[in-house]
Amino acid sequence: MVDIDRLVRPHLLDVKTYRSVDPPEVLAQRAGIPTDRIVKLNGNENPFGPSPRAAEAVARVPLHVYPDPLQRSIRESLGVYTGMDPKHLIAGAGADELIDLVFRLFISPGDRIVDCDPTFAMYSFLARVSDAEIAMVPRDELFDVDINAIQDSLDNRTKLIFITSPNNPTGNLTGESQVLELLKTGLIVVVDEAYFEFCGQTVAGLVRDHENLVVLRTMSKWAGLAGLRFGYGIMSARVVKHLMDIKSPYNINVAAEAAARASLEDAPALLENVSKIVAGRDRLFDALEGMPGVTPWPSYGNFILCQMAPGTATQVYEGLASLGVFVRMFDSARLVDCFRVAVGTPDESDAFLTALRGLV
Ligand SMILES: Cc1ncc(COP(=O)(O)O)c(C=O)c1O
């Protein structure tokens with residue numbers, strides 16, 4: 001017998017993995033409920049699904065030819081949508097792949113990243129995979145990033161600073177002036193704008209003057225393409241070049257590329273769905289605010305963080321799951337009394353609210 005573990009990189013032997021969400025059929029089986037009856041609000045997915053034009057484009061695409069490794073046509077389309085020159089754009093198999101590529105480009109074992117707890121768990125996960133150290137800088141009591149504490153945490157091994165705006169799962173924004181402060185460090189500042197369309201606030205324009213800014217976006221949320229995996233980054237031409245050089249050549253599959261292009265062409269219709277989600281978010285917030293034992297945090301994303309009475313969150317989470325309503329809990333110590341709920345269709349939000357009312 002070969003001892004495989006002897007060959008595995010030591011820091012990966014027992015690496016703490018990413019806690020991901022299970023697919024609908026697994027959740028349904030767990031709850032003992034048919035898949036079409038569950039209410040899946042744990043992945044911040046788009047309840048209205050993709051553009052019909054995206055599905056048509058996928059059906060038409062020739063599957064036997066490799067995609068364009070330089071992503072020429074889709075970068076042109078992204079350029080029209082973002083108003084940026086395609087030299088500033090690169091696409092990835094989800095924003096997740098671009099985060100991974102940023103680690104590969106900048107991080108050697110022992111380098112450091114700055115992460116602002118509580119936030120999206122992918123940055124600390126990939127730091128662990130890359131054998132990087134994590135300077136975990138807590139957000140303040142309103143979940144704002146603490147710029148002074150970030151500056152104090154830097155040392156000569158620090159390479160990357162991750163900022164998520166709107167932040168997942170807390171829903172709040174980071175302002176442009178704060179990002180500009182961080183850019184002065186000369187380190188790579190990654191601003192993850194996965195939920196940009198739900199708030200309209202961006203720092204993308206700053207990439208023209210700041211070579212160290214990397215803005216990440218996704219089509220998983222506003223365009224309903226989470227299953228196809230398509231994200232993109234906006235950054236200096238120099239960083240685009242380096243990422244292009246190291247990415248796997250055919251990282252965007254032809255179906256994802258065709259769906260992304262069709263979605264960008266159908267952006268006005270998809271942005272109407274975004275408006276519906278934003279209206280649904282505000283309605284959900286108001287309903288939650290009126291409930292005893294629940295404090296919703298204001299959100300600029302397509303989700304709401306619910307702060308529960310101390311010690312009740314896990315019980316409520318499990319109660320919801322047993323009724324086929326799935327929300328998300330987190331590892332962060334700051335969020336032990338919280339869960340996050342995505343904004344669903346009006347019917348889904350109502351089902352969630354009805355189930356929750358019976359549990360609090
Ligand atoms: C802040 C943030 N960044 C990135 C992602 C991942 O996006 P993608 O589906 O494009 O990989 C998510 C998904 O939930 C997210 O919340």
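Everything quoted here is computed from the prediction, not taken from an experiment. Atom set for the values below is all heavy atoms of this structure, side chains included, hydrogens, waters and symmetry mates excluded. First listed ligand is number 1; within each ligand, the first listed atom is number 1.
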Between the side chains of E56 and R53, is the shortest nitrogen-to-carboxylate-oxygen separation below 4.0 Å, so that they form an ion pair? no
Could you walk me through whether N168 and R340 pass the side-chain hydrogen bond (donor to acceptor under 3.5 Å, both in side chains) check? CA-CA 9 Å; N168 174 11; R340 186 195 69 197; 2.7 Å; yes
Please report the C-alpha distance between D347 and T345 in whole Å, then the side-chain angles of each, then the deciding distance to 0.1 Å, and finally whether the side-chain hydrogen bond (donor to acceptor under 3.5 Å, both in side chains) criterion is met. CA-CA 5 Å; D347 283 353; T345 60; 5.5 Å; no
Under a 4.5 Å cut-off applied to non-hydrogen side-chain atoms, are V207 and M84 in contact? yes
More than 12 heavy atoms from other groups under 6.0 Å of CZ on F143: yes
Identify the closest protein heavy atom to atom 6 (C) of ligand 1: which residue and atom is it, and at what distance? D96 OD1, 3.2 Å
So is R229 in contact with ligand 1, going by heavy-atom distances below 4.0 Å? yes
Under 4.0 Å from a heavy atom of T164: give me the atoms of ligand 1 that qualify, with their elements. 1 (C)
Nearest non-hydrogen protein atom to atom 9 (O) of ligand 1, with distance, is S220 OG, 2.6 Å
Pair D131 + R9, salt bridge at N-O below 4.0 Å: no
For ligand 1, which atoms have a heavy atom of G94 less than 4.0 angstrom away? 8 (P), 10 (O), 11 (O)
Heavy atom under 4.0 Å from ligand 1: found in A95's side chain, backbone, both, or neither? both
When you measure from atom 5 (C) of ligand 1 to every protein heavy atom, which one gives the shortest distance, and what is it? F120 CZ, 3.4 Å
Does the plane of the ring in F162 sit parallel, tilted or perpendicular to the ring in Y123? Use 30° and 60° as the thresholds. parallel
One residue to check: K221. Relative to ligand 1, which of side chain, backbone, both or neither has a non-hydrogen atom less than 4.0 Å away? side chain
Say whether D192 and ligand 1 are in contact under the criterion: heavy-atom distance to a ligand atom below 4.0 Å. yes
